[in-house]
Student: 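Structure incoming, see below.
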Amino acid sequence: MGAADVVPGVSGGTIAFITGIYERLLSSLQSVLPAFFALLKNKNMTLSWQKINGAFLLTLFSGILISVLLLAKLVIYLLVHHPIPLWSFFFGLIVASVAMISRQVSEWNIRLFVFVVLGACFAYFLTQLSPASVEHSYLNAFLSGLIAICAMILPGISGSFILVMLGTYSFILGAIKEFDLMVLAVFALGCFIGLLSIANLLVWAFSNFRNLTLAILTGFMIGALSKVWPWKEVLSYREDRHGQLKPLLEQNIMPNTYELITGLNAQLGVAIACFMLAVLSVGVLEFIAKRTKNQNSEKA
């Protein structure tokens, strides 16, 4: 999830869904505030820790944090020097995830297909927005965390891409690379508040409208495919705070068109291999998740 959240266009929520921990994550997050107030009242740390599934959350968020800190530079390197294989891998992840999530809908009907289309249109619209330009301040770091974390937990909507749209992606990523504790603490506070809020909403949605929620999330992921298409033509650039030119507006093109426009190798064979590796990875993760779930059911 941490590796996915670093990349604009890929959602950590997608990885949580693939690995079969999504609803467990939501229910654990939902119980944080009630457990905290219960702790203040009863002062029973063990009971509160168990109520929020503390070991699970600690393990998960430790993994995310370590991954972000260790992989931020690697992902940036791959985005700059090997973008086609990287985007092809994530494109395959999302395509396979769409198939996996859609199978969890118990009964498809016209109404659900309409919501798939609406979800896809909404996600596609987000991918077409032009990045904003905002002041790099603690307030904007807090607001960025508050808004982006809601996207990060939704499969198909990338929190990193929301940061790009808000104009704070380089600011936050720079704080991670430079280990700016003040900026990171303010950003983390915004993430924490936003995470608890969206978790409660999603748990309610899954409890009351499971098929509808899955249909909308499927649409989100389909709409997000536009952002992770490997071959793009840059239409305009923007200058970042270091004076370097970064792509501002891009359009998706076919591999042969990419070669004609850029004069570069489209790396079609490598792209297909990375796509298939991603699809295989989702299949393996889904198999492991089902096997673990069955083992836990047998133990219970």
Side-chain angles (χ1 to χ4, degrees), residues 1-27 56 59-60 63-64 66-68 71 74-75 78-79 82-108 112-113 116 119-120 123 152-161 202 206 210-211 213-231 255 267-299:
M1 287 178 66
D5 282 331
V6 172
V7 182
V10 186
S11 168
T14 301
I15 307 301
F17 232 122
I18 292 170
T19 52
I21 65 168
Y22 190 71
E23 292 185 60
R24 183 183 179 189
L25 170 60
L26 294 179
S27 62
F56 166 74
T59 304
L60 177 68
I64 291 174
I66 291 170
S67 181
V68 169
L71 295 180
L74 174 61
V75 170
L78 292 175
L79 283 172
H82 303 284
I84 292 176
L86 182 67
W87 287 123
S88 298
F89 181 80
F90 282 117
F91 192 88
L93 277 184
I94 295 177
V95 168
S97 302
V98 167
M100 186 195 75
I101 294 176
S102 62
R103 289 199 301 270
Q104 297 186 32
V105 176
S106 60
E107 184 179 352
W108 282 99
L112 293 182
F113 278 113
V116 169
M152 286 179 185
I153 205 67
L154 288 171
I157 300 182
S158 164
S160 294
F161 182 68
L202 287 172
F206 271 104
R210 180 177 176 78
N211 283 346
T213 303
L214 288 171
I216 293 173
L217 295 180
T218 299
F220 284 169
M221 298 177 75
I222 293 173
L225 287 172
S226 170
K227 182 60 183 175
V228 295
W229 179 253
W231 299 277
Q267 298 178 274
L268 187 58
V270 175
I272 293 173
C274 290
F275 176 88
M276 296 306 298
L277 177 62
V279 172
L280 179 63
S281 299
V282 172
V284 171
L285 288 172
E286 185 180 11
F287 172 77
I288 294 172
K290 287 182 178 179
R291 185 177 178 181
T292 303
K293 185 176 180 180
N294 291 335
Q295 289 175 345
N296 292 336
S297 298
E298 289 174 3
K299 290 179 182 179

Student: Heavy-atom distance under 4.5 Å between the side chains of Val116 and Ile216, does that happen here?
Tutor: no

Student: For the residue pair Ser106 and Asn211, establish whether any side-chain heavy-atom pair is separated by less than 4.5 Å.
Tutor: yes

Student: Hey, can you tell me if Phe275 and Phe91 have their rings parallel, tilted or perpendicular (30° and 60° cut-offs)?
Tutor: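 Taking Phe91 first and then Phe275, their aromatic rings sit tilted (interplane angle of 30° to 60°).
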
Student: Rounded to the nearest 0.5 Å, what's the gap from CD1 on Ile94 to CE on Met221? Could you check?
Tutor: 6.0 Å

Student: For the residue pair Ala96 and Val279, what are the closest heavy atoms and their distance?
Tutor: CB-CA, 4.0 Å

Student: Please round to the nearest 0.5 Å and tell me the distance separating atom OG of Ser97 and atom CD1 of Ile222.
Tutor: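 Interatomic distance, Ser97 OG to Ile222 CD1, rounded to 0.5 Å: 11.5 Å.
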
Student: Nearest 0.5 Å, what's the CG-CD distance between Leu217 and Gln104?
Tutor: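 One gets 10.0 Å once the value is rounded to the nearest 0.5 Å.
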
Student: Just by distance, do the side chain of Trp108 and the backbone of Ser102 share a donor-acceptor pair under 3.5 Å?
Tutor: yes

Student: Do you know the tightest heavy-atom contact between Glu107 and Leu112?
Tutor: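 Closest pair (atom of Glu107, atom of Leu112, distance): O-CD1, 3.2 Å.
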
Student: Is the shortest side-chain heavy-atom distance between Leu268 and Trp231 below 4.5 Å?
Tutor: yes

Student: Closest approach of Phe220 and Gly119, non-hydrogen atoms and distance?
Tutor: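 Shortest heavy-atom separation between Phe220 and Gly119 comes out as CD2-O, 3.3 Å.
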
Student: How many angstroms lie between atom CG of Leu74 and atom CG of Leu86, to the nearest 0.5 angstrom?
Tutor: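 The distance works out to 8.5 Å.
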
Student: To the nearest 0.5 Å, what is the distance between CG on Leu60 and CZ on Arg24?
Tutor: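 Atom-to-atom, Leu60:CG and Arg24:CZ are 9.5 Å apart.
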
Student: What residues form a ring pair (Phe, Tyr, Trp, His ring centres under 6.0 Å) with Phe56, not counting sequence neighbours?
Tutor: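 For Phe56 there are no ring pair (Phe, Tyr, Trp, His ring centres under 6.0 Å) partners, ignoring immediate neighbours.
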
Student: Could you pull out the closest heavy-atom pair between Pro230 and Ser88, with the gap in Å?
Tutor: CG-OG, 3.3 Å

Student: Less than 4.5 Å apart, side chain to side chain, heavy atoms only: is that true for Met276 and Leu280?
Tutor: no

Student: To the closest 0.5 Å, what do you measure between CD1 (Ile64) and CD1 (Ile15)?
Tutor: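 Between Ile64 CD1 and Ile15 CD1, I get 10.5 Å after rounding to 0.5 Å.
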
Student: Under the side-chain contact (heavy atoms from CB on, under 4.5 Å) rule, collect the residues that match up with Ala278, sequence neighbours excluded.
Tutor: Phe89, Leu93

Student: Any side-chain to backbone donor/acceptor pair from Ser67 onto Gly63? Under 3.5 Å, distance only.
Tutor: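 Answer holds: no.
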
Student: Considering residues at least two apart in sequence or located in another chain, which fulfil the side-chain contact (heavy atoms from CB on, under 4.5 Å) criterion with Ser226?
Tutor: Tyr124, Thr127, Gln128, Asn252

Student: Let me see the working for Met1 and Leu25 under side chain to side chain contact (heavy atoms under 4.5 Å, CB included), right down to the final yes or no.
Tutor: CA-CA 12 Å; Met1 287 178 66; Leu25 170 60; 4.3 Å; yes

